[in-house]
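In what follows, a structure is listed as structure tokens, so that the remarks can point back to it.
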Amino acid sequence: MSKSTTKVLLVEDEPLILFSLADHMREEGFEVVEACDASQALEALAIHSDLAAVVTDVHMPGPIDGLELTRIVNRLVPTLPVIVASGRATKVDVPPGVIFVSKPYRLDNLTRMLNELV
């Protein structure tokens, strides 16, 4: 799958962070589907069967946080790679195969991880 056709679901509740990350990812050639919470992310997951990866924040408003979203994604699409990020924790217990990164992280590191996953 070439980067120009690689579609990534980006889940982030902070609008400025969401905008910045999505903009960077698009500049790197990714197609980005944006969601501001887990409910929107699950809707996007149902609509976009061609997602190559999910990048999500841990702490989000609503009944489902990023860790629970990751568990749901793993149940629904076990082969879909997930990157989980948190600015409040340096280590989070994530399901097997899920990559955890602490915020702040370098945008080029995120791009590198996505390229390695897809």
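For the pairing with H48, the side-chain contact (heavy atoms from CB on, under 4.5 Å) check across V33, L9, V8 returns one residue only, V33.
A85 and D57 make their closest contact through O-OD1, 2.9 Å (heavy atoms, listed as atom of the first residue, atom of the second, distance). The heavy-atom pair separating M113 from V101 by the smallest distance is CE-CG1, 3.3 Å. Among all heavy-atom pairs drawn from L107 and H24, the shortest one is O-NE2, 3.3 Å. Of all the heavy atoms in A35 and L18, the pair that sits closest is O-CD1, 4.2 Å. Closest approach of A22 and E34 over heavy atoms only: CB-OE2, 3.4 Å. The minimum heavy-atom distance linking L114 with A53 is given by the pair CD2-CB, 3.9 Å.
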Trace of the side chain to side chain contact (heavy atoms under 4.5 Å, CB included) decision for I99 with L117: CA-CA 10 Å; I99 296 172; L117 288 173; 3.7 Å; yes
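The shortest side-chain heavy-atom distance between V118 and T6 falls under the 4.5 Å cut-off. Under the 4.5 Å side-chain criterion, counting only non-hydrogen atoms from C-beta, L51 is in contact with L45. By the 4.5 Å heavy-atom criterion applied to side chains, F100 and I83 are not counted as neighbours. Side-chain atoms of M25 and L110, non-hydrogen and from C-beta on, do get closer than 4.5 Å to each other. Between C36 and E12 the shortest side-chain heavy-atom distance does not fall below 4.5 Å.
Listed for the R26 side chain is a donor-acceptor partner under 3.5 Å among the backbone atoms of V32.
One finds the CD atom of E116 at 11.0 Å from the OG1 atom of T111 (value rounded to the nearest 0.5 Å). Rounding to the nearest 0.5 angstrom, the gap separating the CZ atom in F30 from the CG atom in N115 is 4.0 Å.
Scored by the salt bridge (Lys or Arg N to Asp or Glu O under 4.0 Å) test, E14 finds no partners at all (sequence neighbours excluded).
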Only pairs under 3.5 Å count here: list side-chain donor-acceptor contacts from residues 66-82, not counting sequence neighbours, and write none if there are none.
{"unit_1": "E68", "atom_1": "OE1", "unit_2": "R71", "atom_2": "NH1", "d": "3.4"}
{"unit_1": "T70", "atom_1": "OG1", "unit_2": "G66", "atom_2": "O", "d": "2.8"}

